[in-house]
Amino acid sequence: FFFLMIRRPPRSTQSRSSAASDVYKRQVSTQSTWENSKINQFKMEKAHLGQDKLNQYNKLKQEFSAHFRITLELEEEKREHILVMEALKELEDTRKCWRMVGGVLVERTVGEVKPSIQQNIEMIEKTLQTYNENMKKKEKEIIDFELAYGIKGDKAAQAQQKPEIQEKKATTGGVLA
């Protein structure tokens, strides 16, 4: 067995600026995070969810996260295309430019590149619209699942836990209390 002993810092080091106080604060925040995860796990068990329902819920959350990551990547790509388009807007159409195509640098003219960049921006916007719609559907599925099985979402669970943690901190005295 492995035992971990968490020791409170001496009273003289509980000022906000001390390193020992920072370590103590991190330990408290880590403990409260662990408590939140245990409480959420207890709520799942309390709701009499089988392992298959728990897996289904986690899968929904993972799919939502995947859609969210892809949406962020697409938005960043769209911003980059718009920046290039703004830079090319002021240039003559006959001016040479280089474009990366499949890892190969290809020489083109600004007039040849502008339409393809504009087309890429439009395709990215359509794809973003599709992903945003899918994200809304996934979010609705997650909310419906939480309501159907009595699961509290992350934000609701955190909001409920904050008053309880503050009450615990208020009731626990200092070293001399």
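Everything quoted here is computed from the prediction, not taken from an experiment.
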Ignoring hydrogens and angles, write down the donor-acceptor pairs under 3.5 Å from the side chains of residues 80-91, residues two or more places apart or on other chains.
unit_1, atom_1, unit_2, atom_2, d
His81, ND1, Glu77, O, 2.9

- Query: Are any non-hydrogen side-chain atoms of Asp93 and Lys114 less than 4.5 angstrom apart?
  - Reply: yes
- For His67 and Thr71, the nearest pair of non-hydrogen atoms, with its separation, is O-OG1, 2.7 Å
- Heavy atoms of Cys97 and Val113 approach each other most closely as SG-CG2, 3.4 Å
Under 3.5 Å, which donor-acceptor pairs link side chains of residues 120-130 to any protein atom two or more places apart or in another chain?
unit_1, atom_1, unit_2, atom_2, d
Glu125, OE2, Lys78, NZ, 3.4
Thr127, OG1, Met123, O, 2.8
Thr130, OG1, Lys126, O, 3.0

- Task: Output yes when Lys136 and Glu133 qualify as a salt bridge under the 4.0 Å nitrogen-oxygen rule, no when they do not.
- Result: no
- Message: How long is the straight-line distance from NZ of Lys61 back to CD of Glu139, given to the nearest 0.5 Å?
- Response: 9.5 Å
- Message: If I take atom CZ from residue Phe68 and atom CG from residue Asn132, how far apart are they, to the nearest 0.5 angstrom?
- Response: 10.0 Å
- Task: Kindly compute the distance separating NZ (Lys96) from CD (Glu112), expressed to the nearest 0.5 Å.
- Result: 11.5 Å
- Message: Starting from Ile117, can I reach Val110 by hopping between I/L/V/M/F/W/Y residues whose side chains sit under 4.5 Å apart?
- Response: yes
- Which pair of non-hydrogen atoms, one from Lys53 and one from Phe145, has the smallest distance, and what is that distance? O-CZ, 3.3 Å
- Query: For the hydrophobic clusters of this structure (ILVMFWY residues joined by side-chain heavy atoms under 4.5 Å, transitively), does one cluster hold both Phe64 and Tyr57?
  - Reply: yes
- Task: Begin from the C-alpha positions of Arg99 and Ser116 and carry the test side chain to side chain donor-acceptor pair (under 3.5 Å) through to its verdict.
- Result: CA-CA 11 Å; Arg99 183 172 184 203; Ser116 64; 2.8 Å; yes
- Mark yes when over 12 heavy atoms from residues, nucleotides or ligands other than Glu92 sit less than 6.0 Å from its CD; otherwise mark no. no
- Task: Spell out, yes or no, whether Trp98 and Met100 are grouped together once hydrophobic residues are joined by side-chain heavy atoms under 4.5 Å, including indirect joins.
- Result: yes
